[in-house]
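All residue numbers refer to positions in the sequence shown, counting from 1.
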Amino acid sequence: MDPHTKASLSTSLTRDRGEPTHITTTAERGAFCLAVCSCGWTGPARRSRDLARRDATRHPAG
């Protein structure tokens, strides 16, 4: 990740059945915001921070 990228903790979610914890954050890249997870998943770049946060909260469910 770019060292100048701002990231903030959005949510921390755990799955049942002993699966790893998914820690999602949002990161800003220029005019865009995207969801990022500790498992390596990244959501689509969005201009809306609210949509990026929604992507982050929906990630483990998908």
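With sequence neighbours excluded, the residues forming a side-chain hydrogen bond (donor to acceptor under 3.5 Å, both in side chains) with R49 are E28, listed by chain and number. By the side chain to side chain contact (heavy atoms under 4.5 Å, CB included) test, T42 pairs with L34, V36, sequence neighbours left out.
With rounding to the nearest 0.5 angstrom, the SG atom of C37 is 5.5 Å from the NE2 atom of H22. Here the CZ-CZ distance, from R46 to R53, works out to 13.0 Å after rounding to the nearest 0.5 Å. With rounding to the nearest 0.5 Å, the separation of CG in D55 from CG in D50 is 11.0 Å. With values rounded to the nearest 0.5 angstrom, I23 atom CD1 is found 9.5 Å from T25 atom OG1.
Of all the heavy atoms in C33 and T26, the pair that sits closest is SG-CB, 3.9 Å.
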